[in-house]
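Have a look at the structure below, then the notes.
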Amino acid sequence: MFHPLNDAAGRAVPACCGGQAGAGRKGGAIGDRHDTAAGRRGARWLFYVPVIALVAASAVIGLSLGRKAARTDETDMISQIAARYVAEAGGAARVTDCTARPATSQVLWLVVTCMAPGREGREYFIDRFGAVRHVAHLPAAGAARIR
């Protein structure tokens, strides 16, 4: 029997060719070889949503790191390191025992040297984000240095 949605052999004509996809078969259009364009477009959001989320997360992380780097100034960093030195050294250690100079390395920003007269000192190597990368212990003034 001829039906307008079947071909000459009685098989259902796919939806992309003017018929109903899967007509007369179990399962309908699911898994049909002739997908509709609307079905393919509907699944694109599965790709774009994670990409957009990744770009947004990268932007947030980049802006927060940039803001931290822009707000950190030398005076605040030297004060923080001097307070750390006083807490670590204790005793007669004072905030005024610390001096700072620019680092000569591309990676580092400041070198804060804290040394009380007659006591061991410390050198703090700080990067641009305010993290202490290395702490060197210095011998007391007048003590023999081993090379």
Side-chain angles (χ1 to χ4, degrees), residues 5-7 11-147:
L5 297 179
N6 293 342
D7 64 5
R11 294 181 302 237
V13 177
C16 66
C17 301
Q20 292 176 335
R25 293 185 291 173
K26 279 187 168 179
I30 297 176
D32 196 359
R33 204 178 92 147
H34 299 284
D35 249 353
T36 62
R40 287 189 302 268
R41 266 184 267 132
R44 286 185 185 166
W45 70 272
L46 291 173
F47 173 74
Y48 288 112
V49 168
V51 171
I52 290 170
L54 182 64
V55 169
S58 299
V60 167
I61 291 170
L63 289 173
S64 66
L65 287 175
R67 185 179 65 206
K68 181 179 179 183
R71 289 191 309 173
T72 305
D73 66 340
E74 293 171 349
T75 304
D76 291 339
M77 190 52 52
I78 295 167
S79 299
Q80 287 177 12
I81 297 300
R84 176 177 168 174
Y85 165 72
V86 170
E88 288 175 355
R94 296 179 311 194
V95 174
T96 56
D97 295 340
C98 298
T99 59
R101 61 180 167 82
T104 56
S105 169
Q106 296 268 343
V107 179
L108 299 174
W109 177 36
L110 290 172
V111 178
V112 180
T113 305
C114 300
M115 182 173 282
R119 297 185 53 158
E120 282 188 0
R122 291 184 175 89
E123 268 188 333
Y124 297 90
F125 298 89
I126 305 161
D127 69 6
R128 181 65 184 127
F129 294 106
V132 176
R133 291 291 174 195
H134 180 70
V135 178
H137 294 277
L138 304 173
R145 256 193 172 167
I146 301 173
R147 291 189 186 232

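We count residues from 1, following the sequence as given.
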Check: Which is it for L138 and M115 under the side-chain contact (heavy atoms from CB on, under 4.5 Å) test, yes or no, and what are the steps along the way?
Finding: CA-CA 8 Å; L138 304 173; M115 182 173 282; 3.5 Å; yes

Which atom pairs, donor and acceptor, lie under 3.5 Å between side-chain atoms of residues 75-98 and protein residues at least two apart or in another chain?
residue : atom : partner : partner atom : Å
S79     : OG   : T75     : O            : 3.0
R84     : NE   : E88     : OE2          : 2.9
E88     : OE1  : Y124    : OH           : 2.7
D97     : OD2  : R94     : N            : 2.9

Next item on the list: Determine, stepwise, if the pair E74 / L110 fulfils side-chain contact (heavy atoms from CB on, under 4.5 Å).
Entry: CA-CA 8 Å; E74 293 171 349; L110 290 172; 4.2 Å; yes

Item checked: Minimum-distance pair of heavy atoms, taken over all atoms of V111 and F125 -> CG2-CD2, 3.6 Å

Next item on the list: With side-chain contact (heavy atoms from CB on, under 4.5 Å) as the test, would you mind laying out the steps for L108 and R133 before giving the verdict?
Entry: CA-CA 8 Å; L108 299 174; R133 291 291 174 195; 3.9 Å; yes

Note to self: Measuring only between side-chain heavy atoms, which start at C-beta, is I126 closer than 4.5 Å to V112?
What the structure shows: yes

